[in-house]
2 protein chains.
Amino acid sequence: MMSTPDGRPMSIGTLADRARCKVQTIRYYEQIGLLPPAPRSAGNQRRYGDAVLHRLTFIRHARDFGFSVEAIRELLDMADHPTMPCDEVDALARRHLQEVESRLARLSALRDELARMVALCHGGSVDECRIIEALSDHRLCRQEASHGGASLK
Amino acid sequence: MMSTPDGRPMSIGTLADRARCKVQTIRYYEQIGLLPPAPRSAGNQRRYGDAVLHRLTFIRHARDFGFSVEAIRELLDMADHPTMPCDEVDALARRHLQEVESRLARLSALRDELARMVALCHGGSVDECRIIEALSDHRLCRQEASHGGASLK
DNA sequence: ATAATTCCTATAGCCACTGCAGCTTCAAGT
DNA sequence: ACTTGAAGCTGCAGTGGCTATAGGAATTAT
């Protein structure tokens, strides 16, 4: 129906289905240079071969792992030079792991504070609500630094 | 220097220092209606009393807890009606806690996958790099669902 | 009086997409 | 051959929660 089991090139929709991403995302990746400009059909529609499917799969997978587009750009550069040592790939991945672990720690501290706050509520009216109170007064937190404004994306 | 220990109103910079946030953020909050339009000096500069400091502290604190601006809008509405029952406050906080726990779970699964991936690298060149390989081939992941594209903000 | 600082508005940028409007092209069915 | 509907095209706006900058006016310090 929409696949090309033989060598014929794919439409953008087929590529999107195969890579499990949206059509617009593919065009966006082309626009920012993660994917090369696609060759066009006579009617100006993009046509793709398997190489782009692999590249796109790589990109989506790396995004699922939380790598930024800039990091992926570097990873793709490295993957395009297979004879170079993989130290930089390793370093990039380790840096990302550290970032994830740091976010995890912040989010975990946040969860604890939030759970503690929620546990304080025993019904009643808003003016005796411990949650509102806790949000109003930073001193009611266990530690200042536990969730202090750092980006916890 | 810049504080007003007596009853005189504060400038936006003083308010920003006291609430530990940026001047632009205050103007932004006014713009989106989290803070009321500030009264102005003769020269059109914003002047603030302590009430706004408290409101802003509440907002910043709730943001530190990861509440969205929309959620904070609701919390402020509730805080402005102290005689109402606090059920809704409680429900909002519990919902947010659940959201945080779900993010935490996703991020934790991601961390595990990433750590596993990083551990596979034993040096060498890029074409034998297990990290690149893992990113290229989703089948090398333990479980499909562990980090599959869900927003893990 | 002057200099340094802070304030004002308006606008653009961040990230990684997503959605829409208004049009053209393609593939399948009759 | 013709119609129809799906899928494609470009370009632009919007998301969230700020942050940064430009160019000018007001305030404060010396």
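Just so you know, these numbers come straight off a predicted model, no measurement behind them. These values consider heavy atoms only, across backbone and side chains, with no hydrogens, waters or symmetry-generated copies. Each chain gets a letter, A, B and so on, in the order its sequence line appears, and its residues count up from 1.
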| field | DNA chain D: 5'-proximal contact among B/Glu70 and B/Ser41 (nearest heavy atom) | value | B/Glu70
| task | Map B/Thr25 and A/Ile12 onto DNA chain D by nearest heavy atom, then report which one ends up closer to the 5' terminus. | result | A/Ile12
| query | CG/A/Asp90 to CD/A/Glu88 distance, rounded to the nearest 0.5 angstrom? | reply | 11.0 Å
| According to a strict under-4.0 Å criterion, is B/Arg40 in side-chain N/O contact with OP1 or OP2 of D/dA25? | no
| said: Strictly below 4.0 Å: does A/Arg60 bring a side-chain N or O up to OP1 or OP2 of C/dA16? | reply: no
| field | Any donor-acceptor pair under 3.5 Å from B/His61 side chain to A/Ser136 backbone | value | no
| Distance check: side-chain N/O of A/Arg27 vs OP1/OP2 of C/dA16, anything under 4.0 Å? | no
| Atom pair distance, as rounded to whole Å: CG in B/Leu56 and C1' in D/dC18 | 14 Å
| query | Between C/dA16 atom C1' and A/Leu35 atom CG, what is the distance in whole Å? | reply | 14 Å
| message | Under 4.0 Å from OP1 or OP2 of D/dA7: is there any side-chain N or O of A/Ser11 that close? | response | no
| Hey, is the side chain of B/Ser68 poking within less than 4.0 Å of OP1 or OP2 on D/dG16, counting only N and O atoms? | no
| In whole angstroms, how far is the P atom of D/dA13 from the CD atom of A/Gln31? | 14 Å
| task | Quickly work out the B/Gln24 CD to C/dC14 P distance and round it to whole Å. | result | 17 Å
| request: Please determine if B/Arg55 and B/Asp80 form a salt bridge, counting it only when a charged side-chain N lies under 4.0 Å from a carboxylate O. | output: yes
| task | State whether B/Arg46 places a side-chain N or O below 4.0 Å from either non-bridging phosphate oxygen (OP1 or OP2) of C/dC8. | result | yes
| request: Take the protein atom OH of B/Tyr28 and the nucleotide atom P of C/dA10, then report the distance between them rounded to whole Å. | output: 17 Å
| field | Upstream residue (5' side of DNA chain C) when B/Arg47 and A/Val69 are each assigned their closest nucleotide | value | B/Arg47
| request: May I ask you to decide whether A/Glu113 forms a salt bridge with A/Arg116, counting only side-chain N to carboxylate O separations under 4.0 Å? | output: yes
| Distance in angstrom units between B/Asn44 CG and C/dT6 P, rounded | 19 Å
| task | Starting from P on C/dC15, measure out to OH on A/Tyr29 and report it in whole angstrom. | result | 14 Å
| remark: B/Glu99 atom CD is separated from D/dG16 atom P, nearest whole Å, by 14 Å
| Would you say A/Lys22 reaches C/dG19's phosphate, i.e. side-chain N/O to OP1/OP2 under 4.0 Å? | yes
| request: Would you confirm whether the ring centroid of B/His54 sits within less than 6.0 angstrom of the ring centroid of B/Phe58? | output: no
